[in-house]
Amino acid sequence: IPARVTAVYRERYAIVSPHGEGFARLKRINFPDKPGQSFPTVGDFVEYWHNPWGDSLITRLLPRKSAFCRRDPSPGRAEQMVAANFETVFVLTSLNHDLNFPRLERYLTAGWQSGGVPVILLTKADLVEEKAGRSLLEQVRRFAVGVEVYAVSALTGQGMEQLAPFLEPG
C-alpha cells in the first residue's frame, strides 16, 4: 500500500495513506544498515504493510523526484536528508538588517540543487519603510533573476495573499 511520510521520529515514521494517519517502522531486512543507505524522510512515498493494531512496516522507499540534503552534523557522515518530493523551496530572509546577498546565493544554490523551484520570501516587511522595502525588493529581484520574490509580513498580513497559489490542495 502506498503512503507518504509526514514526520520522522528516530526509527518511527508518521505516515498518511488510504487507511488514514498512523505510524510505521522499517522492515529491517529491506533496509539493512550499510553506508550510503537511503532511509525515508519527510515527504517520501513508501510502500508498507498495514497493521491496524500497531505500527505498520515500511517495505520499500519509492523513487524521489526531489530531495533537500544538508551536511550531517555527525562526524564521518556525508549528508543528511531533510525533505523529499516537493515542488517549491521557500527561501526566507528578513528584509531588515539580516538581508545578506552571499547567504541568499548559497540558499538559492541549495534550492536549485534539490530539484525544487526556489521562491524567495522577504519577511518582516512591516519593519522597513515602504520606499526602502520596495528598493530592497527590486535589488533582490535583480540579484535572483528568474526567481519569484515576494515581500511579506506575518504580523500585518502584507503580501500573504500572493502565496495563495502555493498553498492549494495537492
Asks: For a quick test of reading the model, state the closest non-hydrogen atom pair linking V89 to G116 and the distance between them.
Replies: CG2-CA, 4.2 Å

Asks: Answer yes or no: is there a donor N or O on one side and an acceptor on the other, between the side chain of S66 and the main chain of F86, under 3.5 Å?
Replies: yes

Asks: Do E21 and I15 have side chains that approach each other closer than 4.5 Å (heavy atoms only, starting at C-beta)?
Replies: no

Asks: Pair E138, R134 - check salt bridge (charged side-chain N to carboxylate O under 4.0 Å, His left out), show working.
Replies: CA-CA 6 Å; E138 287 309 312; R134 279 197 308 267; over 6 Å; no

Asks: Sequence neighbours excluded, which residues qualify as side-chain contact (heavy atoms from CB on, under 4.5 Å) partners of V140?
Replies: L99, F101, L104, I120, L122, V149

Asks: Any link between F68 and L92 through a network of hydrophobic side chains (Ile, Leu, Val, Met, Phe, Trp, Tyr) touching at under 4.5 Å?
Replies: no

Asks: Just by distance, do the side chain of D126 and the backbone of T156 share a donor-acceptor pair under 3.5 Å?
Replies: no

Asks: Can you tell me how far the CG atom of L163 sits from the CG atom of L121, to the nearest 0.5 Å?
Replies: 5.5 Å

Asks: More than 12 heavy atoms of other residues, nucleotides or ligands under 6.0 Å from CH2 of W49: yes or no?
Replies: no

Asks: Please determine whether side chain to side chain contact (heavy atoms under 4.5 Å, CB included) holds for the pair Y48 and Y13, giving the CA-CA distance in whole Å, both sets of side-chain angles, and the decisive distance to 0.1 Å.
Replies: CA-CA 11 Å; Y48 79 107; Y13 299 83; over 6 Å; no

Asks: Rounded to the nearest 0.5 Å, what's the gap from CZ on R64 to CG on N85? Could you check?
Replies: 7.5 Å

Asks: According to a 4.5 Å side-chain heavy-atom criterion applied to Ile, Leu, Val, Met, Phe, Trp and Tyr, with indirect links allowed, do L61 and V5 form part of one hydrophobic cluster?
Replies: yes

Asks: Within this structure, what is the SG-CD distance for the pair C69 and Q113, rounded to the nearest 0.5 Å?
Replies: 10.0 Å

Asks: Please determine whether residues V147 and V117 belong to a single hydrophobic cluster, defined as Ile, Leu, Val, Met, Phe, Trp and Tyr linked transitively by side-chain heavy-atom distances below 4.5 Å.
Replies: yes

Asks: Show the nearest heavy-atom pair for residues S17 and P2, with the distance to one decimal.
Replies: CB-O, 3.5 Å

Asks: Using distance alone, with no hydrogens and no angle criterion, decide if Y150 and E148 have a side-chain donor and acceptor under 3.5 Å apart.
Replies: yes

Asks: Could you tell me whether the side chain of L95 reaches within less than 4.5 Å of the side chain of T123, counting heavy atoms only?
Replies: no

Asks: For I58 versus A24, what's the shortest heavy-atom pair and its separation?
Replies: CG1-CB, 3.7 Å

Asks: If two hydrophobic side chains count as joined below 4.5 Å and joins carry through other members, does V46 share a cluster with V8?
Replies: yes

Asks: Taking atom CZ of R141 and atom CG of L136, what is their separation to the nearest 0.5 Å?
Replies: 12.0 Å

Asks: How far apart are the C-alpha atoms of I1 and H19, what are their side-chain angles, what is the distance that settles it, and do they pass the side chain to side chain contact (heavy atoms under 4.5 Å, CB included) test?
Replies: CA-CA 9 Å; I1 299 172; H19 291 287; 3.3 Å; yes

Asks: Taking side chain as C-beta onward, heavy atoms only, is E47 less than 4.5 Å from L62?
Replies: yes

Asks: Restricting to non-hydrogen atoms, name the atom on Q158 and the atom on A125 that form the minimum distance, rounded to 0.1 Å.
Replies: NE2-CB, 3.7 Å

Asks: Do K124 and L155 touch side chain to side chain, with heavy atoms closer than 4.5 Å?
Replies: no

Asks: How about F166 and F90: are their ring centroids closer than 6.0 Å?
Replies: yes

Asks: Check the pair F45, R60 against side chain to side chain contact (heavy atoms under 4.5 Å, CB included), reporting the backbone distance first and the verdict last.
Replies: CA-CA 9 Å; F45 291 98; R60 187 166 77 110; over 6 Å; no

Asks: Would you say CD of E161 has more than 12 non-hydrogen atoms from neighbouring residues, nucleotides or ligands within 6.0 angstrom?
Replies: yes

Asks: Shortest non-hydrogen contact from V91 to P118?
Replies: CG2-CB, 4.4 Å

Asks: So do H50 and P52 actually touch side chain to side chain, heavy atoms under 4.5 Å?
Replies: yes

Asks: Calculate, to the nearest 0.5 Å, the distance between atoms CD and OG belonging to E130 and S135 respectively.
Replies: 12.5 Å

Asks: If the threshold is 4.0 Å, N to carboxylate O, is there a salt bridge linking R4 and D44?
Replies: no

Asks: Could you check F143 against Q139 for side chain to side chain contact (heavy atoms under 4.5 Å, CB included), going step by step and ending with a plain yes or no?
Replies: CA-CA 6 Å; F143 175 79; Q139 286 179 44; over 6 Å; no

Asks: Looking only at atom types and distance, does a side-chain atom of S56 sit under 3.5 Å from a main-chain N or O of N51, one as donor and one as acceptor?
Replies: yes

Asks: For A7 versus V42, what's the shortest heavy-atom pair and its separation?
Replies: CA-CG2, 3.9 Å

Asks: So does E105 get a backbone contact from the side chain of T109, meaning a donor-acceptor N/O pair under 3.5 Å?
Replies: yes

